[in-house]
2 protein chains.
Amino acid sequence: MTTPTSDWLRLDQQICFSLHAASRAFNGVYRVILKDLGLTYPQYLVMLVLWEQGDLPVKKLGEHLRLDSGTLSPLLKRLEAAGLVRRERSARDERSVEVRLTEEGTALRESALQVPRRVAAATGFDVDEIRALRTRLDELTTALDAAAVDAAALEEKA
Amino acid sequence: MTTPTSDWLRLDQQICFSLHAASRAFNGVYRVILKDLGLTYPQYLVMLVLWEQGDLPVKKLGEHLRLDSGTLSPLLKRLEAAGLVRRERSARDERSVEVRLTEEGTALRESALQVPRRVAAATGFDVDEIRALRTRLDELTTALDAAAVDAAALEEKA
DNA sequence: GGCAACTTAGTTGTGCACAACTGAATTGTG
DNA sequence: CACAATTCAGTTGTGCACAACTAAGTTGCC
């Protein structure tokens, strides 16, 4: 009763497509909910980290979000232009740029407090279902990252 | 024992972040696996649909993938430049453009047959786990799409 | 002290996602 | 037939993701 090889390419059997579609659907919901805050979804993620961790160098921010400077630099510029953060060269290490919340950026947290509830409502899932799914996805990400690194290491040798 | 409101903004509690990270991790794995085929991941999805459904107008392609012409037009141009598809104005309806596989595009399917197995291996999940997760994600997407549409309808009235 | 190796942000270029728009073709209705 | 509404593909502009690279600063080792 194994699946024929020819069916392996069926779109509706590809986990990646479900994930891709779900990710984009989330993006759509956030786009609507975050419009009031004047944030895009990745910008919101950056603000979440800053609200939780306080001021951080770009490097640390990138580690929390798994994003590199190529993505963060322009994004942070836009947040700075919006008056939500300042970027200041660290005095101790001139290579490093410290991202600091402005008063306005700190204040925005109050408006953001309602966002998770509204998003959770949009999913129609209850708290336990969300937690279970989250755990599953995190396992998946760990496995995929490890596999990508292995593959990259294989390339290297070739 | 309810979660304090202040914790709702914790990054590690946000389902969206797990999903976003998982989606990007998948993208990384596909980038490596698909490099041999000369395809990006979204291009691969388009080819999957064409292999499964045969020639299709851009509109139908977009319905299968939930993508609009703004995304598909340039992507299809690149596939055409790579010699994998042709685009031809429909004779019956001159508004419509038929996307047809070339010989080369059809032939590429053989090389693609091994892709799902390699990806599945990278996840470390077995077939049942993948199926369960996929089902869950599809439910999520349906709920999120419905919520986004509702929100858009609310905007409309304001 | 001097210099190679490394670290950190930033830039450039490619590709995807999507909103808003354009222009051409078709359809529906009077 | 005429013409308004709709459909379809494509373009433009904005933003994100990421690879590859650059430039500046720091660290380690002699």
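All of these numbers come straight from a predicted model, not from anything done at the bench. In what follows, chains are A, B, ... by sequence order, proteins preceding strands, each numbered from 1.
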Checklist entry - In whole angstrom, what separates B:L56's CG from D:dC8's P? => result 13 Å
Checklist entry - Over how many whole Å does the gap from A:L67 atom CG to D:dC18 atom C1' extend? => result 10 Å
Next on the checklist: Parallel, tilted or perpendicular, judged at 30° and 60°: which one describes the rings of A:W51 and A:Y44?
Outcome noted: perpendicular
Next on the checklist: Can a donor-acceptor pair be found, under 3.5 Å and without considering hydrogens, that links the side chain of B:E129 to the backbone of B:D126?
Outcome noted: yes
Checklist entry - Looking for any heavy atom pair under 4.0 Å, which part of the strands does B:S96 touch: base, sugar-phosphate only, or nothing? => result sugar-phosphate
Item to check | Separation of atom CZ in B:R66 from atom C1' in C:dA19, rounded to whole Å | outcome: 18 Å
Next on the checklist: Tell me if a side-chain donor or acceptor on A:R66 pairs with a main-chain N or O of B:A25 at a distance below 3.5 Å.
Outcome noted: no
Checklist entry - Expressed in angstrom and rounded to an integer, what is the separation of A:R89 atom CZ from C:dT7 atom P? => result 17 Å
Checklist entry - When the nearest nucleotide of DNA chain D is assigned to A:D93 and to A:P74 on a heavy-atom basis, which residue is associated with the more 5' position? => result A:P74
Item to check | C:dA9 phosphate, OP1 or OP2, under 4.0 Å from A:K60 side-chain N/O | outcome: no
Checklist entry - So what does B:L75 touch, heavy atoms closer than 4.0 Å: a base, only the sugar-phosphate, or nothing? => result sugar-phosphate
Checklist entry - Toward the 5' end of DNA chain C, which comes first, A:S73 or B:Y41, by nearest nucleotide? => result A:S73
Checklist entry - Between A:R92 and A:P42, which is nearer to the 5' end of DNA chain D once each is assigned its nearest nucleotide? => result A:P42
Checklist entry - Whole-Å distance between C:dA17 P and B:D145 CG? => result 15 Å
Checklist entry - Rounding to a whole Å, what distance do you find between B:Y30:OH and D:dC18:P? => result 16 Å
Checklist entry - So what does A:T40 hit on the nucleic acid, given a heavy-atom distance under 4.0 Å: a base, only sugar-phosphate, or nothing? => result sugar-phosphate
Checklist entry - Expressed in angstrom and rounded to an integer, what is the separation of B:E94 atom CD from C:dT27 atom P? => result 12 Å
Checklist entry - Within the pair A:K59 and C:dG10, is there a side-chain N or O less than 4.0 Å away from OP1 or OP2? => result no
Checklist entry - Where the side chain of B:D68 is concerned, which of C:dC18, D:dG10, D:dA19 is the nearest nucleotide? => result C:dC18
Next on the checklist: Looking only at the side chain of A:V58 (C-beta and beyond, no hydrogens), which of the listed nucleotides D:dC18, C:dA9, C:dT11 gets closest?
Outcome noted: C:dA9
Item to check | Electrostatic pair B:K77-B:E80, nearest N-O below 4.0 angstrom | outcome: no
Checklist entry - Which whole-number value in Å describes the distance from B:R95 CZ to C:dA24 P? => result 14 Å
Checklist entry - Phosphate oxygens OP1/OP2 of D:dG10: is one of them under 4.0 Å from a side-chain N or O of B:R87? => result yes
Checklist entry - Side chain of B:R86, backbone of B:V99: donor and acceptor closer than 3.5 Å? => result no
Item to check | Short side-chain N/O contact from B:S69 to OP1 or OP2 of D:dA9, under 4.0 Å | outcome: no
